[in-house]
A.B. asks: 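Dumping the structure here so I can ask a few things about it.
Residues take their numbers from the sequence shown, with the count starting at 1.
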Amino acid sequence: MALTTYNKKRDFDDTPEPKGKSDKENQFRFVVQRHDATRLHYDFRLELGGVLKSWAVPKGPSMNPEDKRLAVMVEDHPVSYIDFEGTIPKGNYGAGEVEVWDHGQFFPVDENLEKLTEKQALTALKKGELKIFLKGKKIEGGFVLVKFKQEGDNWLLIKHKDEYAVVKKYDIEKHRKT
Ligand SMILES: [Mn+2]
């Protein structure tokens with residue numbers, strides 16, 4: 001079961017995070033959670049296959065196509081994690097503050113920006129390259145997630161060159177909600 005690792009890492013008597021169980025109906029939502037843990041990072045999650053496919057992005061997503069953001073794939077999270085905000089207490093896995101930085105819809109797409117089905121998206125992910133179109137409040141437009149080696153969990157998250165792209169330096173912390 002996809003959420004075994006997620007559940008194993010957490011003590012639900014001690015963390016306010018939701019317990020993992022998979023959902024059936026996919027709504028193609030995404031979330032970016034700012035996670036002020038041992039190291040500040042942004043967690044990027046896509047609702048696919050009854051779970052949230054998840055990457056920890058140390059520098060966060062960038063709207064500048066020049067930035068190739070390292071995105072380390074982590075364990076699948078339950079769909080109910082999509083609006084999780086709060087404090088993971090000290091001593092727990094990922095201890096620190098979590099806040100939703102951005103959220104919205106996404107569409108998995110092919111190279112011609114035609115929508116893919118959920119099944120096609122899962123296949124693309126397995127092959128190590130998934131193109132998506134995001135419609136969030138802060139981030140918008142085409143992105144690609146590409147695995148840069150066959151082995152390991154290291155991917156790159158790159159903004160596609162389109163009308164939503166930002167060409168100047170992109171500072172995610174300045175884009176933080178107040
Ligand atoms: Mn995290």
Side-chain angles (χ1 to χ4, degrees), residues 1-9 18 20-35 41-84 100-167 170 172:
M1 192 223 163
L3 294 166
T4 314
T5 309
Y6 173 89
N7 284 329
K8 254 193 217 156
K9 285 183 170 180
K21 55 176 176 37
S22 56
D23 275 16
K24 288 283 167 280
E25 211 167 300
N26 199 64
Q27 296 176 60
F28 294 97
R29 290 171 294 173
F30 83 92
V31 67
V32 180
Q33 280 153 322
R34 183 182 187 275
H35 188 180
H41 62 274
Y42 288 77
D43 290 303
F44 181 70
R45 311 189 198 279
L46 299 174
E47 184 180 6
L48 274 177
V51 295
L52 296 177
K53 293 288 170 191
S54 298
W55 292 261
V57 186
K59 291 185 177 172
S62 174
M63 291 299 290
N64 187 334
E66 303 273 299
D67 295 330
K68 292 174 171 62
R69 295 298 202 221
L70 174 69
V72 182
M73 196 179 223
V74 298
E75 76 273 19
D76 294 345
H77 278 50
V79 171
S80 53
Y81 209 96
I82 205 150
D83 54 6
F84 175 75
V100 171
W101 178 79
D102 199 12
H103 65 97
Q105 295 287 131
F106 81 95
F107 306 102
V109 291
D110 66 13
E111 53 279 4
N112 303 313
L113 295 178
E114 299 287 336
K115 275 187 202 175
L116 298 180
T117 63
E118 184 177 20
K119 205 176 157 202
Q120 289 171 322
L122 286 164
T123 304
L125 204 60
K126 232 175 230 164
K127 285 186 184 162
E129 186 172 343
L130 177 66
K131 290 187 175 68
I132 48 177
F133 189 90
L134 298 175
K135 287 179 109 167
K137 298 210 166 68
K138 292 176 180 164
I139 52 175
E140 209 174 359
F143 284 81
V144 66
L145 273 160
V146 57
K147 197 173 179 181
F148 66 81
K149 262 188 209 160
Q150 268 319 101
E151 301 302 308
D153 299 312
N154 290 346
W155 295 61
L156 293 172
L157 176 63
I158 310 163
K159 178 77 197 72
H160 190 69
K161 285 177 192 159
D162 58 19
E163 66 263 43
Y164 304 97
V166 167
V167 286
Y170 182 77
I172 195 167

A.B. asks: Closest heavy-atom contact between Val51 and Ala2?
C.D. replies: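 Looks like CG1-CB, 4.1 Å.
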A.B. asks: Please round to the nearest 0.5 Å and tell me the distance separating atom CZ of Arg45 and atom CG of Asp76.
C.D. replies: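 Answer rounded to 0.5 Å: 10.5 Å.
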A.B. asks: Which one of Leu52, Ile132, Ile82, Ile139 satisfies the side chain to side chain contact (heavy atoms under 4.5 Å, CB included) criterion with Phe30?
C.D. replies: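 Of Leu52, Ile132, Ile82, Ile139, side chain to side chain contact (heavy atoms under 4.5 Å, CB included) with Phe30 is met by Ile139 alone.
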A.B. asks: Assess whether atom CD of Glu163 is packed by more than 12 heavy atoms of other residues, nucleotides or ligands within 6.0 Å.
C.D. replies: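 Correct, the count exceeds 12.
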A.B. asks: What is the distance from atom CZ of Arg69 to atom NZ of Lys59, rounded to the nearest 0.5 Å?
C.D. replies: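 One finds 6.0 Å between CZ of Arg69 and NZ of Lys59.
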A.B. asks: Just verifying a value: how many Å separate Glu118 CD and Leu125 CG, rounded to the nearest 0.5 Å?
C.D. replies: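 One gets 11.0 Å once the value is rounded to the nearest 0.5 Å.
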A.B. asks: Can you confirm whether Val166 sits close enough to Lys159 that some side-chain heavy atom of one is under 4.5 Å from a side-chain heavy atom of the other?
C.D. replies: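 No, too far: nothing below the 4.5 Å cut-off.
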A.B. asks: Evaluate the side-chain proximity of Val100 to Gln33: yes if any heavy-atom separation is below 4.5 Å, no if none is.
C.D. replies: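 Yes. Closest side-chain heavy atoms under 4.5 Å.
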A.B. asks: Please round to the nearest 0.5 Å and tell me the distance separating atom NZ of Lys135 and atom CZ of Phe106.
C.D. replies: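 Result: 13.5 Å between the selected atoms.
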A.B. asks: Report yes or no: does Asn154 contribute a side-chain atom to a donor-acceptor pair with the main-chain N or O of Phe148 at less than 3.5 Å?
C.D. replies: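 Absent.
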A.B. asks: Please report the closest heavy-atom contact between Pro18 and Ser80, naming both atoms and the distance.
C.D. replies: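 What the structure gives for the nearest pair is CB-OG, 3.5 Å.
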A.B. asks: Does the Asp67 side chain pair with the main chain of Ser62, one donor and one acceptor, at a distance under 3.5 Å?
C.D. replies: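 Side chain of Asp67 to backbone of Ser62: no pair is present.
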A.B. asks: So does Glu129 pair up with Lys131, basic N to acidic O under 4.0 Å?
C.D. replies: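 Here Glu129 pairs with Lys131 in a salt bridge, since their nearest N and O are under 4.0 Å apart.
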A.B. asks: ring-ring contact (aromatic ring centres under 6.0 Å, His included) with His77: which of Phe44, Tyr6, Phe84?
C.D. replies: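 Considering Phe44, Tyr6, Phe84, a ring-ring contact (aromatic ring centres under 6.0 Å, His included) with His77 is found only for Tyr6.
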A.B. asks: How many angstroms lie between CE in Met63 and CG in Leu134, if you round to the nearest 0.5 Å?
C.D. replies: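 Answer rounded to 0.5 Å: 8.5 Å.
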A.B. asks: So Lys147 and Lys127, do their side chains get closer than 4.5 Å, heavy atoms only?
C.D. replies: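 With C-beta onward as the side chain, the pair stays apart.
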A.B. asks: For residues Leu145 and Leu46, determine if any side-chain heavy atom of one lies less than 4.5 Å from a side-chain heavy atom of the other.
C.D. replies: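 Leu145 reaches Leu46 side chain to side chain.
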A.B. asks: Taking the six-membered ring for Trp and the full ring for Phe, Tyr or His, determine whether the centres of Phe133 and Tyr164 are under 6.0 Å apart.
C.D. replies: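 Yes - the distance between ring centres of Phe133 and Tyr164 falls below the 6.0 Å cut-off.
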A.B. asks: Which residues pass the side-chain contact (heavy atoms from CB on, under 4.5 Å) test with Leu116, not counting sequence neighbours?
C.D. replies: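 For Leu116, the residues satisfying side-chain contact (heavy atoms from CB on, under 4.5 Å) (neighbours in sequence not counted) are Pro108, Asp110, Gln120.
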A.B. asks: Any side-chain to backbone donor/acceptor pair from Asp102 onto Lys138? Under 3.5 Å, distance only.
C.D. replies: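 At least one qualifying donor-acceptor pair exists.
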A.B. asks: So how far is it from Lys53 NZ to Leu122 CG, rounded to the nearest 0.5 Å?
C.D. replies: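 The NZ atom of Lys53 sits 6.5 Å away from the CG atom of Leu122.
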A.B. asks: Taking all non-hydrogen atoms of both residues into account, name the closest pair between Tyr42 and Pro61 and its distance.
C.D. replies: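 The pair with the smallest heavy-atom distance is CB-CD, 4.2 Å.
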A.B. asks: Do any N or O atoms from the side chain of Asn64 and from the backbone of Tyr170 form a donor-acceptor pair under 3.5 angstrom?
C.D. replies: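 Not at all, since once roles are kept as given, no pair shorter than 3.5 Å links the two residues.
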A.B. asks: Ignoring hydrogens, what is the shortest heavy-atom contact between Gln105 and Gln27? Give both atom names and the distance.
C.D. replies: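 Taking Gln105 first and Gln27 second, the nearest heavy atoms are NE2-O, 3.1 Å.
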A.B. asks: Please enumerate all residues that pass side-chain contact (heavy atoms from CB on, under 4.5 Å) together with Ala124, with sequence neighbours excluded.
C.D. replies: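 Ala124 satisfies side-chain contact (heavy atoms from CB on, under 4.5 Å) with Leu130 only.
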A.B. asks: So which heavy atom on Ala71 is nearest to which on Val57, and how close?
C.D. replies: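 Reported closest heavy-atom pair: CB-CG2, 3.9 Å.
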